[in-house]
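Single-structure report; data block below.
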Amino acid sequence: MKKDNYAGVREDAGLPAGQALLREYYVKMGVSPEVCNYCSTVEEKLKDRFEEIDRVAQINQMKVLAAMQKNRLSEACFAPTTGYGYNDLGRETLEAIYADVFGTEDALVRPQITCGTHALALALSSQLRPGDELLSPVGKPYDTLEEVIGIRPSVGSLAEFGISYRQVDLLADGSFDWEGIEKALNEKTRMVTIQRSKGYDTRPTLSVEAIGALISFIKERKPDTLCMVDNCYGEFVEIQEPSDLGADLVVGSLIKNPGGGLAPIGGYLCGTRECIERAAVRLTSPGLGREVGASLGVTSSMLQGLFLAPSVVKGALKGAIFAANVYEGLGFKTIPDGKESRHDIIQSVLLKKPEYLKAFCRGIQAAAPVDSFVSPEPWDMPGYDDQVIMAAGAFVSGSSIELSADGPMREPYAVYFQGGLTWEHARFGIMMSLQKLCEAGFRLPG
Ligand SMILES: *Cc1c(COP(=O)(O)O)cnc(C)c1O
C-alpha cells in the first residue's frame with residue numbers, strides 16, 4: 001500500500017483523494033474492494049433518507065438543549081453525592097430536564113434503576129394494587145416482562161400480589177384489534193402496557209402516532225386507565241414521544257438510546273406527578289421517595305449522554321437503514337425493509353444459514369473498538385431454547401446503543417442488529433459483517 005497519497009488524486013483507483021484514503025483504511029482493516037464498492041453504491045442511494053434523519057436529530061437536539069438551559073444546568077450539578085444523597089442538585093436537575101424533554105410533569109432518572117426491565121417492573125409494581133388488572137393490547141410483551149407479570153410463574157411477580165393480566169394480540173396484518181381491546185377493558189383494568197419497539201419479535205414497531213391513537217381509544221372508554229409505554233429503543237427516533245400523545249408513563253433504559261452511549265447505568269420513568277410519586281416511593285421507601293438516592297458521580301455522564309443522544313440515535317438509525325439496504329440488495333429479507341419508515345433502531349436480517357449468522361456476528365465483533373480480537377460463539381443462554389450468538393464490543397457492558405448484534409441459532413437464522421455510537425462506525429461494522437459473510441461462502445453478484 002502506498003504511503004504518500006494523503007494529498008492529490010489516486011489515479012489508479014480513479015477516486016478523489018479522501019475516498020481513496022478511506023478505501024485504503026477499509027482494505028487495511030480487512031474489507032475487500034468488492035465489498036467496499038457494493039456498500040458505496042448502496043450509500044449513494046440513501047442521501048434523501050439520511051437528510052430526513054438529520055432533520056429529526058436537529059429538532060431533538062434543540063429539544064434537549066432547550067430543556068438544559070431552561071433548568072439552568074450548571075457545573076455544580078456534576079458534583080457527586082454519597083450516602084443518603086439528600087439535596088442532590090444534579091439529580092434534581094437531571095430529572096427536571098428529562099421531564100421537559102419528554103413533555104411530562106415529572107421524571108425519575110436514577111442509577112439505582114439497574115436496567116430497562118427493572119424500570120418497567122418498577123413502573124408496573126408501583127402503580128398496580130391487588131385486584132387490579134394489567135392489559136397489553138399489543139400482544140406478548142418483551143421476554144423479561146413475562147416473569148415480572150407472572151405470565152411465566154416467577155417469585156415476586158405481579159401475579160403473586162393478586163394482579164391479573166390480560167392480553168389482546170395484534171391482528172395478522174400488525175394492526176390493533178380494536179374490537180378485542182374494547183372487550184378486554186373491564187372494571188378491573190387499571191393499567192395498559194404498550195411496547196413501542198418490536199423488540200425481538202416479528203411484529204412491526206409502533207409509530208408514536210399509532211400509540212397515540214391507541215391511548216385515545218382506551219381513555220375514551222375507560223378514562224382512569226393508566227397508559228404506560230415501554231419506550232426502549234424508540235427515544236429520539238421521531239420528533240414526538242408517546243408522552244406527547246397522552247401516555248401517563250414512558251419508561252426506558254439509559255444503556256439504550258437516551259443514555260447516548262455515555263450513561264454507565266440507569267433507567268428512567270417520565271410521567272404524571274402522581275405516577276412518578278408512586279414509583280419513587282416504591283423505588284426507595286414510603287416516606288422517603290425521591291429525596292434519597294446518591295448519584296455517586298454518574299450524573300454528568302447521564303447529562304452529557306442525553307445531550308449526545310439525538311445525534312447518537314441518528315447514527316444508529318442510518319446504520320439500520322444502511323444494513324437493510326445492503327442486505328435487501330443481496331436478496332435477504334430484512335425487517336423493516338429498506339424503504340419503510342422507522343420507529344426504533346433495531347434491524348433484523350433473515351440470513352437463512354447458520355454459518356451466515358455466525359459470520360455476521362463475527363464481522364460486527366471484528367469491527368468493535370473493544371474486544372475486536374475475540375470471536376463470538378453460539379452458547380446456551382439461560383432462558384432460551386436454542387443457542388444464541390452475540391456480538392458486542394462495548395465501552396459500557398451490555399450497552400445496545402453501541403454497535404451490537406445477536407440472534408438465536410434457529411430458522412430463519414435472523415440476526416438482530418442495533419446501535420452504533422457513530423454512523424461512520426455503524427457503516428464499517430455492516431461492511432465487515434458482509435465481508436465475513438463472503439468469507440463464509442456468500443458470493444456478491446456481478
Ligand atoms: C431492552 C428492552 C427491555 C429490557 O431492557 P433491559 O435493559 O435489557 O432489561 C424491555 N423492553 C424492550 C422493548 C427492550 O428493547
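Just follow the structure's listing: the first ligand is 1, and inside any ligand the first atom is 1. Position 1 is the first residue of the sequence; numbering continues from there. Quantities reported herein were computed from a predicted structural model and do not represent experimental measurements.
Each of the following atoms of ligand 1 lies closer than 4.0 Å to a heavy atom of Gln195: 13 (C). The Tyr233 neighbourhood of ligand 1 comprises atoms 15 (O), with distances under 4.0 Å to a heavy atom of that residue.
The minimum heavy-atom distance between Ile346 and Lys198, with the atom names listed, is O-NZ, 3.3 Å.
Listed by first and then second residue, the salt bridge (Lys or Arg N to Asp or Glu O under 4.0 Å) pairs that reach into residues 362-379 are Arg362-Glu377, sequence neighbours excluded.
Between His118 and ligand 1 there is no heavy-atom distance shorter than 4.0 Å.
Scanning the protein heavy atoms around atom 9 (O) of ligand 1, the nearest turns out to be Thr117 OG1, 2.6 Å. Among all protein heavy atoms, the one lying closest to atom 2 (C) of ligand 1 is Lys256 NZ, 2.3 Å. The nearest heavy-atom contact from the protein to atom 13 (C) of ligand 1 is Asp230 OD2, 3.4 Å. The nearest protein atom to atom 7 (O) of ligand 1, hydrogens excluded, is given as Gly116 N, 2.7 Å; this is a heavy-atom distance.
Classified by interplanar angle (parallel below 30°, tilted 30° to 60°, perpendicular above 60°), the ring pair Tyr98/Tyr268 is tilted. Taking the six-membered ring where the residue is Trp, Phe176 and Trp178 present perpendicular rings, their angle passing 60° and hence far from 30°.
At a 4.0 Å heavy-atom cut-off, ligand 1 touches Leu120 through the side chain alone.
In the model, Ser372 has no side-chain atom that pairs as donor or acceptor with a side-chain atom of Gln365 under 3.5 Å.
Residues passing the salt bridge (Lys or Arg N to Asp or Glu O under 4.0 Å) test with Glu241 are Arg196, sequence neighbours excluded.
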